[in-house]
Amino acid sequence: MKLAVPAAGLYAITDSTRLADTHMEDAVAQAIRGGARIIQYREKHLHGQALDDTAGKLAVLCNRHGVPLIINDNIELAMRSNAAGVHLGKTDPPLAQARAQLGPDAIIGVSCYNSLERALDAAAAGADYVAFGRFFPSGSKPKASHAEPGVLTRARDALTIPLVAIGGITPDNGSQLLTAGADLLAAIDGVFGQADIEAAARRYAELFN
């Protein structure tokens, strides 16, 4: 199934270390019920068959709900799991390689930190969305470079692809990034680190109503 990047909404990014007794598949299902429009599977601890099995199950789940599943960093895992696409950072393979391996229908997102120039280059190379951040102190990305909301405004004027904001975003501070130009708000701990994942996702989703 070909899926597109949603025009707006919550971009929920998984973190298995934030889950207590909840299985990843159940956690993602809760996030989708709460209103997550796109899911990124970001896993730093699983390897081998366990990683493939989980990614495959998440792809089936997300496809069933019409929600794109994006794999963080790993082009090969995106291929094996039949995910909708991949998200690339500055140390990952180039976008052209991901496109060649995943095909024209895949969603490819690129981290741009605080760099409009990087975002313009990514868009010219065929990125389906670009992500900026971190905007606020973040427990998940404590050492990530700081981004200013103004980069979203400049990007909004220069680009037509969706803009994702990430980094310490909460339902309380997210609206200012939407005002600055973000289309999607990404959250890790704000969703998967909460006792009630569905309710946490819904609080973000309400920002888009």
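- Cluster annotation: Val164 and Tyr113 are assigned to distinct hydrophobic clusters (Ile/Leu/Val/Met/Phe/Trp/Tyr, side-chain heavy-atom contacts under 4.5 Å, transitive).
- Cluster partners of Ile75, by chain and number: Met79, Val86, Leu88, Leu95, Leu102, Ile108, Val110. The rule joins Ile, Leu, Val, Met, Phe, Trp and Tyr whenever side-chain heavy atoms lie under 4.5 Å apart.
- By the 4.5 Å heavy-atom criterion applied to side chains, Val130 and Phe132 are counted as neighbours.
- Distance alone, capped at 3.5 Å, is enough to place a donor-acceptor pair between the Asp92 side chain and the Gly89 backbone.
- When atom types are taken as modelled, the side chain of Gln194 and the backbone of Asp189 share a donor-acceptor pair closer than 3.5 angstrom.
- Expressed to the nearest 0.5 Å, how far CG of Asn63 lies from CG of Leu69 amounts to 8.0 Å.
- Listed for the Asn74 side chain is no donor-acceptor partner under 3.5 Å among the backbone atoms of Glu43.
- Shown here are the salt bridge (Lys or Arg N to Asp or Glu O under 4.0 Å) partners of Asp128, two or more places apart in sequence or in another chain: Arg99.
- Rounded to the nearest 0.5 angstrom, Asp73 CG and His87 NE2 are separated by 7.5 Å.
- In this structure, NE2 on His65 lies 8.0 Å from CZ on Arg33, to the nearest 0.5 angstrom.
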inquiry  = Assess the residue pair Asp52 and Gln49 against the criterion (side-chain contact (heavy atoms from CB on, under 4.5 Å)); give the C-alpha distance rounded to whole Å, side-chain angles, the decisive distance to 0.1 Å, and a yes or no.
reply    = CA-CA 5 Å; Asp52 279 39; Gln49 192 60 48; 4.1 Å; yes
List the atom pairs, with distances to 0.1 Å, where a side-chain N or O of residues 115-122 and a protein N or O form a donor-acceptor pair under 3.5 Å, not counting sequence neighbours.
unit_1 : atom_1 : unit_2 : atom_2 : d
Ser115 : OG     : Arg118 : N      : 2.9
Arg118 : NE     : Ser111 : O      : 2.4
Arg118 : NH2    : Ser111 : O      : 3.3

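- For Arg202 and Glu198, the salt-bridge test passes: some basic side-chain N is under 4.0 Å from an acidic carboxylate O.
- Checked by atom type and distance alone, the side chain of Tyr204 pairs as donor or acceptor with a backbone atom of Ile169 at under 3.5 Å.
- Shown here is Lys90, whose NZ atom has no more than 12 heavy atoms of other residues, nucleotides or ligands within 6.0 Å.
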- Leu19 and Ile197: side-chain contact (heavy atoms from CB on, under 4.5 Å), yes or no, with the steps? CA-CA 10 Å; Leu19 302 177; Ile197 293 170; 4.0 Å; yes
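- Within the model, atoms CG of Leu152 and CG of Asp157 stand 11.0 Å from one another, a figure rounded to the nearest 0.5 Å.
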Checking Arg42 against Phe192 for the side-chain contact (heavy atoms from CB on, under 4.5 Å) test, could you report, in this order, the C-alpha distance in whole Å, the side-chain angles of both residues, the deciding distance, and whether it holds? CA-CA 12 Å; Arg42 179 177 181 267; Phe192 292 104; over 6 Å; no
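- Taking every heavy atom of both residues into account, Pro68 and Pro6 meet most closely at CG-CD, 4.4 Å.
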Determine whether Leu185 and Phe135 satisfy the following criterion, side-chain contact (heavy atoms from CB on, under 4.5 Å), listing intermediate values before the conclusion. CA-CA 11 Å; Leu185 299 179; Phe135 289 96; over 6 Å; no
